[in-house]
Amino acid sequence: MFRPKIPTMPTPTGHVTQPAVIEPTTIVPAAQPPQPAPVDPAPAPSRPTVQLTPGTALALVGGGTAVVLVVGAVLVSMLLAVAITGASVAVCAVVLRSLLASETKGR
């Protein structure tokens with residue numbers, strides 16, 4: 001019950017072909033006349049071009065959207081934290097002002 005069940009490899013059915021035998025060949029270099037240097041060679045591209053498929057473009061758009069949403073959520077939460085802190089400091093200032101004003105009036 002607790003022993004893993006290892007799947008067995010089924011035997012192939014149908015027509016089975018034998019692998020092809022490849023014989024090595026020797027390469028004999030031939031004497032070549034010297035090639036004249038080209039006058040103005042075309043500049044080689046510095047970087048290979050990037051081919052975007054529809055799937056890749058969709059992945060880039062989805063990744064960019066996710067990054068924008070995460071950064072936006074972080075910025076909004078930081079703004080909310082600053083706003084709450086400012087409101088609480090303002091409430092504390094009003095309470096302290098009220099206490100100090102009532103103390104000077106002698107109440």
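Membership of an apolar cluster is not assigned to Val94, as no side-chain contact below 4.5 Å to another ILVMFWY residue is traced. Summarising the hydrophobic clusters (Ile, Leu, Val, Met, Phe, Trp, Tyr; side-chain heavy atoms under 4.5 Å, direct or chained), the residues clustered with Val89 are none. Applying the 4.5 Å side-chain rule to ILVMFWY residues, one finds Val71, Leu75 in the same cluster as Val67. Grouped with Leu58 in a hydrophobic cluster is no other residue, since no side-chain heavy-atom contact under 4.5 Å to another Ile, Leu, Val, Met, Phe, Trp or Tyr is found.
Legend: residues meeting side-chain hydrogen bond (donor to acceptor under 3.5 Å, both in side chains) with Ser88, ordered by chain and number and at least two apart, are absent.
Sorted by first and then second residue, the pairs that involve residues 50-67 and meet side chain to side chain donor-acceptor pair (under 3.5 Å), not counting sequence neighbours, are Thr53-Thr56.
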